[in-house]
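Below is one structure, written out as structure tokens; comments come after it.
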Amino acid sequence: MTDSLTIRDNRTGEEHEIEIVDGTIRAADLKKVGGLATYDPGFVNTASCRSAITYIDGEQGILEYRGYPIEQLAEQSSFLEVCYLLLNGELPTSDQLAQWTHDVTHHTFLHENIKSLMTGFRYDAHPMGMMMSSVSALSTFYPHASDISDPENRYLQITRMIAKMPTIGAFAYRHSQGKPYIYPDNELSYCANFLSMLFKMSERDYAADERLVKALEVLFILHADHEQNCSANAVRSVGSSQVDPYSAVAAGIGALYGPLHGGANEAVLKMLRRIGSTDNIPSFIEGVKAGNERLMGFGHRVYKNYDPRATIIKKATEDVFEVTGVNPLLEIAQELEKIALEDEYFVSRKLYPNVDFYSGLIYEALEFPPEMFTVLFAIGRTPGWLAQWQELVTDKEQKIARPKQIYTGERQREFVPIDQR
Ligand code: ACO
């Protein structure tokens, strides 16, 4: 065996040979080294699955869905086409895309009882909490979804979920605004319909500016998948119990709700507002370098180069601002980026703008309140979660997720009656 690792156990003097495949060893193989296990909080260096969906090279700043560079997809593809690609592994032919678009478009309506459920939330309910609960509730409307071994049934549930996410997101938004919910318009494209459900008032038809529709398509494409991130891992972990996909995706939404995952773009806006003017940038940067705070929207666990999504978003901001007028915070963001990219502190630590540095500026220009930012992320990420889920349930190697622990508590204590404690 050449691709192998020899481990000498100094406790016993025994040597063990362990196979290396794809740059990994199987943690289970370590059991033969005196019952050894690995300890890896946050899965920093542990592969949990084999996946053929998304490829990232953080050093080079490369992101590919099913082998296609994100730059080409963002420029030439539509969001529904990217959904098809992520879920099926290949770009659709025009017939396949027409069928897929038809199927998604005809599942955009929600059952009236889901609408009633949503109206029951408090006036100030966070739209992400409303979305998580509504997606979870869908499992009770489609009990057949629990038959996850039937490919046709899986297709139906996947179609439903991709179709209904914008409707749920828009209803949650309208609820927080105290405005009547707007039903889907199936004459419109996926993103144009979403904008209509969000912003339509008394006009007969709502026609969104095509440049804004395109910007939203691009944003959804950029967020569509990012391999084994926190929420994809949550979907896989919950899905590994073989629960229905609505329950598994609801878990992913819960993970995305957290500030360490979906909330950074809001923090960028707050930071830019606090800086207030380009004159204040040097002192702000000094504070960051002194360790007082972080430059939000910079740095990434995986990317040690410019996040390829940030480059595309930066371009999209220009298109959006052409329609909406320039967000005054843009000038501060651009100057901040310029200064940071030339500063030794950021250069030596390989800190570059990430996807969140500019996305909040676009969302704000589109008049979304900050609470909606993660909802937009969730709609874009849904095909990724479902592709990950489908790959999981069709992978014979996968088992129910059940990590080990290192037990640090007490052992074998005698119960003490309450009057003697
Ligand atoms: N500003 C200033 N310094 C930073 C920043 C930052 N944004 N990010 C990292 N550093 C510094 C750290 O202080 C550390 O310096 P040191 O070696 O002198 O101690 C070094 O760079 C390495 O940082 P880590 O925290 O070890 O990097 P890690 O990979 O764990 O963190 C993270 C990545 C969480 C994204 C971090 O860069 C960060 O907090 N960025 C700001 C928040 C943000 O933009 N998050 C969005 C990420 S993208 C997304 O989730 C969709």
Side-chain angles (χ1 to χ4, degrees), residues 40-46 54 56-59 61-63 65 70 74 128 218-234 252-275 281-314 316 329 332-333 336-363 370 372-382 384-385:
D40 189 7
F43 297 121
V44 174
N45 195 32
T46 298
T54 291
I56 302 176
D57 181 333
E59 290 297 327
I62 293 173
L63 170 62
Y65 296 158
I70 191 69
M128 193 66 164
V218 170
L219 284 159
F220 283 167
I221 291 171
L222 297 185
H223 287 91
D225 194 50
H226 213 229
E227 52 119 304
Q228 304 313 312
N229 55 86
C230 179
S231 56
N233 182 60
I253 298 172
L256 190 65
Y257 201 172
L260 292 189
H261 192 6
N265 46 15
E266 187 183 344
V268 172
L269 282 184
K270 282 195 185 137
M271 173 189 77
L272 294 175
R273 236 173 240 125
R274 197 157 43 84
I275 295 173
I281 292 176
S283 61
F284 171 79
I285 293 273
E286 284 315 307
V288 170
K289 285 158 67 175
N292 299 342
E293 62 182 302
R294 292 205 159 190
L295 171 50
M296 298 311 288
F298 259 65
H300 196 276
R301 172 61 62 76
V302 179
Y303 293 116
K304 300 301 168 198
N305 201 322
Y306 217 97
D307 180 340
R309 301 169 298 174
T311 320
I312 301 166
I313 286 200
K314 203 173 161 185
L329 297 176
I332 301 173
L336 194 54
E337 177 188 345
K338 191 164 152 274
I339 292 176
L341 288 178
E342 286 165 2
D343 192 295
E344 212 280 320
Y345 175 94
F346 298 93
V347 174
S348 63
R349 288 170 179 77
K350 299 189 176 172
L351 300 171
Y352 292 87
N354 60 47
V355 68
D356 288 320
F357 193 66
Y358 285 103
S359 64
L361 287 176
I362 298 193
Y363 293 150
M372 277 298 285
F373 293 1
T374 37
V375 169
L376 297 166
F377 194 157
I379 296 171
R381 183 53 60 86
T382 300
W385 287 331

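All heavy atoms count here, side chains included; hydrogens, waters and symmetry mates do not. Ligands are counted one by one from 1 in listed order, and the atoms in each one are counted from 1 as well. Being a predicted model, the structure only gives us computed values, none of them experimental.
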Practice task
Quick one: sort the His223 and Tyr363 rings into parallel, tilted or perpendicular, breaks at 30° and 60°.
Solution key: tilted
Exercise for the section: List, ordered by chain and residue number, the protein residues whose closest non-hydrogen atom lies under 4.0 Å from any atom of ligand 1. Expected result: His261, Ala264, Val288, Arg294, Leu295, Met296, Gly297, Phe298, Gly299, His300, Arg301, Lys304, Tyr345, Arg349, Leu351, Asn354, Val355, Asp356
Problem - Over all atoms of both residues, closest heavy-atom pair of Leu341 and Pro353 - result: CD2-CD, 4.0 Å
Practice task
Flag the pair Lys270 and Glu266 as a salt bridge only when some basic side-chain nitrogen lies within less than 4.0 angstrom of an acidic carboxylate oxygen.
Solution key: yes
Handout entry: Proximity of His300 and Phe357 rings by center, below 6.0 Å
Key = no
Exercise for the section: Work out which heavy atom in Ala74 is nearest to a heavy atom in Leu222; give both atom names and the distance. Expected result: CB-CD2, 4.2 Å
Fill in the blank from the handout: Nearest heavy-atom approach of Thr54 to Tyr65 is OG1-CD2, 3.6 Å
